[in-house]
Amino acid sequence: MANKIIFPKEFLWGAATASYQIEGAWDKHGKGESTWDRFTHTPGKIFNNDTGDVADDHYRLWKKDIALMKKLGLQAYRFSISWPRILPTGRGKVNQKGVDFYSKLVDSLLAANITPFVTLFHWDSPQALEEEGGWPKRFMAEAFVEYTDVISRALGDRVKKWITHNEPAVVAWLGYGTGVHAPGQTDFKLSLPTAHHLLLSHGWAVPVVHRNSPNSEVGITLNIGWKVPASNSAADLDLARRDDGQWFRWFADPIYGRGYPSDVTEDFKKIDALPNGMDFVQDGDMKAIAVPTDFIGLNYYSRNISRAAEKDNSPQTVFPQPHSPEYWTEMPWENYPDGLTGVLGRVYFNYNPIKLYITENGASYSTPPDEKGNVPDVHRTNYLRTHFVAMQRAIQAGVPLAGYFVWSLLDNFEWSFGYSQRFGIVWVDYKTQKRYLKDSAKWYKNVIRKNGF
Ligand code: FCB
């Protein structure tokens, strides 16, 4: 008989979501406009002009969604707070109804024995602050601390796991550089001040959370891919280094007290992303950013292959053909589980965080419900199973991996892709808001029950 894979006793099995992707109710009960509201309401920005106005209607259906989590036996639930639901214009006046929503959500999660993991910022900034310049401006870090203070005072007696930011690299590069994400700015000169202010706001927020939420753990979530050069040509090797530098080391290095990596600074100068050097860095900032944290969250989905374009040496990700659904999800991101073992080992042995969580991992497949309401999403189950084996290998190698959050609990609004990509282990019929457990969810339920498979 095959050996069983069993996870450490305290290992937490969870699922993740984000406010803008599931809540809907974009203008209900005093919520202020977010940058994602403004962006999706601008025609031509999102696939099919989809918006998160209704999304999974979770703001209304949250009790049912918690019942669903209970049914699955989830031990932890990672969700994010909509900043403009708490402070409609970003600072100053608090919207008590918004606070109450999350407070009730937390109470019900705890009553269901599900540990809440709260992400403070999963990209939906208050539009009012964007109008004053947003993340490229330093005041934004101060406003974030005010918001953190308000919400951690309100929930800090019950919430004990906090994540300051989700994937700051994505905000910096896609929000302000390529403009694929809100607020849709297209100036790489804004990306690095943005990155700095996000990191600085993290550094400033950590002690505030600790003060307001005794005995809590606070960390940050970074996205990480398994970066490989397409060949051992000098250009491909250099591109893989640059890609990793831009997307991961630029964020991880300062958090772990190493400052900004100098090779990447040189890369940025070459693309004119630092026209005034590092003038946005002030005395004491790097020390603030390097504040000790209790864990790191990693979002891992796939591997990225770097092939330098022949002409301009510009970054390019290669998607080998043909796409077999067993190995290629519909994003189309490759199912590459070995990369998960790789990134866990790399981050732990290189940066020595106290512990790690996989705060996101999952696959987009659009397998629909059949006539009986079953969703035979075999490829998603395969993706999860292979990644669980990959986690187990990292744990056996000594990585203190403390938990896993599948992305996502529900099919939801997938940013620029709108509703065209489905990452949920639960199918959502957007017309009726009916939820159907996919086969992967039923499989996951058993994994949780047995703490392995
Ligand atoms: C991550 C995001 C998450 C989701 C997944 C697919 O980058 O954090 O909100 O969109 O990708």
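For the single chain, residues carry numbers from 1 onward in sequence order. Order of appearance sets the numbers: ligands from 1, and atoms from 1 within every ligand.
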Q. Of the listed options (His181, Met331, Glu360), which comes nearest to atom 11 (O) of ligand 1 when hydrogens are ignored and any heavy atom counts?
A. Glu360
Q | Identity and distance of the protein heavy atom lying nearest atom 5 (C) of ligand 1 | A | Tyr301 OH, 3.2 Å
Q) Any N or O of Trp415 that comes nearer than 3.5 Å to an N or O of ligand 1? A) yes
Q) Judged by non-hydrogen atoms, does Asn166 sit under 4.0 Å from ligand 1? A) yes
Q. Is the closest basic N to carboxylate O distance between Asp267 and Arg241 below 4.0 Å?
A. yes
Q: Could you tell me which atoms of ligand 1, counted from 1 in the order shown, lie closer than 4.0 angstrom to a heavy atom of Glu414?
A: 4 (C), 6 (C), 10 (O)
Q: Look at Arg393 together with Asp338 and state whether they make a salt bridge at an N to O cut-off of under 4.0 Å.
A: yes
(Q) Contact between ligand 1 and His122 is defined here as a heavy atom of the residue under 4.0 Å from a ligand atom; is it met? (A) yes
Q. Salt bridge between Arg78 and Glu360, side-chain N to carboxylate O under 4.0 Å?
A. yes
Q. Which residue supplies the protein heavy atom nearest to atom 7 (O) of ligand 1, what is that atom called, and how far is it?
A. Glu167 OE1, 2.6 Å
**Q.** Validation row, ring centre His379 to ring centre Trp328 under 6.0 Å
**A.** no
(Q) If we set the cut-off at 4.0 Å for heavy atoms, which region of Trp123 has an atom near ligand 1: side chain, backbone, both, or neither? (A) side chain
Q. Is there side-chain contact between Glu217 and Lys160, with at least one heavy-atom pair below 4.5 Å?
A. no
Q: With Arg242 as the cation and Phe268 as the aromatic partner, state whether NZ or CZ is under 6.0 Å from the six-membered ring centre and within 45° of the axis.
A: no
